[in-house]
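These notes concern the structure reproduced below.
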Amino acid sequence: DRDSEALKILKKGLRKANKPDIILVFCYNRGVKYVAAKQTARAIPCFEIITHQAPSKAKPLYQLSFINLAAIYMKTDPPRAIETLNRAAEAIPNDPTILFSLGRMNSDEKQFEKAINAFQKAEKALEESDTKTEKLSAIFYLHYGGAYERSGQIDKAEEIFEKYLKTHPETHEILNYLAYMWA
């Protein structure tokens, strides 16, 4: 329970470590533990330590730390959450997960054009990705098309939904949204 002292030691260790991964993993796991215990004020510095590192160091932890921070901030300070994800998008350009999260948060804040822009970038980044194992899910297209629909661009929303349905025709979430939109 001596967080400020512990954080100073961790930061000092990161400056001196040849391989800081162990410290970064510790910080991430501690942050997750605090979130689970609903101690978000204690989790924030753990994730911030990671987000202040170079993106090449423990990239998945780096990405997830930004997302966790944004999720914490979204509950009480949505603009700060969005700013956190914008910082993440600058640090890790064309990361589909970061861009999807940014799109969702902008959509939740009724900033539909910004949401649509983030979704477009996420889709493009994944289409251009070397790793074809990652795929955009129905949830992605549900939020993407939903942002268009909520912004009043019904034809574009329909286009997004139908694009997904061409390869996944039995996706009930998309079919349901499309049916309600038409109704």
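- Hydrophobic clustering (side-chain heavy atoms under 4.5 Å, transitive across Ile, Leu, Val, Met, Phe, Trp, Tyr) groups Val35 together with Val25.
- Summarising the geometry, atom CD1 belonging to Ile116 is positioned 8.5 Å from atom CD1 belonging to Ile160; distances are rounded to the nearest 0.5 Å.
- Atom CG of Asn117 and atom CG of Asn106 lie 9.0 Å apart (nearest 0.5 Å).
- At least one test fails for Arg30 against the ring of Tyr28: distance under 6.0 Å to the centre or angle within 45° of the axis.
- For Ala138 against Ile174, the heavy-atom pair with the smallest separation is O-CD1, 3.6 Å.
- The two residues Glu48 and Leu69 make their nearest non-hydrogen contact at CG-CD1, 3.8 Å.
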_Could you walk me through whether Leu178 and Leu165 satisfy the side-chain contact (heavy atoms from CB on, under 4.5 Å) test, starting with their C-alpha distance in whole Å, then the side-chain angles of each, then the deciding distance to 0.1 Å, before giving a yes or no?_
CA-CA 10 Å; Leu178 195 54; Leu165 289 171; 3.8 Å; yes
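- Taking each heavy atom of Ser107 and Ala115 in turn, the nearest pair found is N-CB, 3.6 Å.
- Both Ile50 and Phe26 are assigned to one and the same hydrophobic cluster, defined by single-linkage of ILVMFWY side chains at heavy-atom distances under 4.5 Å.
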*Show your reasoning for whether side-chain contact (heavy atoms from CB on, under 4.5 Å) applies to Leu10 and Leu14.*
CA-CA 6 Å; Leu10 288 167; Leu14 281 171; 5.6 Å; no
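- When all heavy atoms of Gly31 and Phe47 are compared, the closest pair comes out as C-CZ, 3.4 Å.
- When all heavy atoms of Pro45 and Ala41 are compared, the closest pair comes out as CD-O, 3.2 Å.
- Between Glu149 and Tyr177, the side chains place a donor N or O and an acceptor N or O closer than 3.5 Å (distance only, hydrogens not considered).
- Taken together through direct or relayed side-chain contacts under 4.5 Å among Ile, Leu, Val, Met, Phe, Trp and Tyr, Met105 and Leu99 form parts of separate hydrophobic clusters.
- The existence of a salt bridge linking Glu123 and Lys163 is confirmed by a sub-4.0 Å separation between a basic side-chain nitrogen and an acidic carboxylate oxygen.
- Within the 4.5 Å cutoff, the side chain of Lys124 has no heavy atoms near those of the Gln120 side chain.
- Follow the hydrophobic side-chain contacts under 4.5 Å out from Leu64 and you reach Phe66 in the same cluster.
- When the ring pair (Phe, Tyr, Trp, His ring centres under 6.0 Å) test is applied to Tyr148, the partners found at least two apart in sequence or on another chain are Tyr144.
- With sequence neighbours left out, the side-chain hydrogen bond (donor to acceptor under 3.5 Å, both in side chains) criterion links Arg15 to no other residue.
- Atom CD1 of residue Ile44 and atom CD1 of residue Ile49 lie 12.5 Å apart, to the nearest 0.5 angstrom.
- Glu159 and Gln153 form no side-chain donor-acceptor contact under 3.5 Å, judged by distance and modelled atom types alone.
- Here the OG atom belonging to Ser151 is positioned 14.5 Å from the NZ atom belonging to Lys114, to the nearest 0.5 angstrom.
- Ion pairing between a basic and an acidic side chain is recognised when a charged N comes within 4.0 Å of a carboxylate O; Asp1 and Arg42 show such pairing.
- Taking the six-membered ring where tryptophan is involved, the planes of Phe119 and Phe100 are tilted, since the angle between them lies from 30° to 60°.
- Here Arg80 does not pair with Glu109 in a salt bridge; the nearest charged N to carboxylate O distance is not below 4.0 Å.
- One distance of note links CD1 of Ile98 with CG of Leu85; it measures 6.0 Å at 0.5 Å rounding.
- Two residues are said to be in side-chain contact when any heavy atoms from C-beta on lie closer than 4.5 Å; Tyr34 and Cys46 meet this criterion.
- Side-chain atoms of Glu173 and Thr171 include no donor-acceptor pair closer than 3.5 Å.
- Within a 6.0 Å sphere centred on CD1 of Ile22, other residues, nucleotides and ligands contribute 12 heavy atoms or fewer.
- Between Tyr62 and Ala91 the shortest heavy-atom distance is OH-CB, 3.2 Å.
- Summarising the geometry, atom CG belonging to Leu102 is positioned 9.5 Å from atom CD belonging to Gln111; distances are rounded to the nearest 0.5 Å.
- Met181 and Phe112 end up in different hydrophobic clusters when Ile, Leu, Val, Met, Phe, Trp and Tyr side chains are linked at under 4.5 Å.
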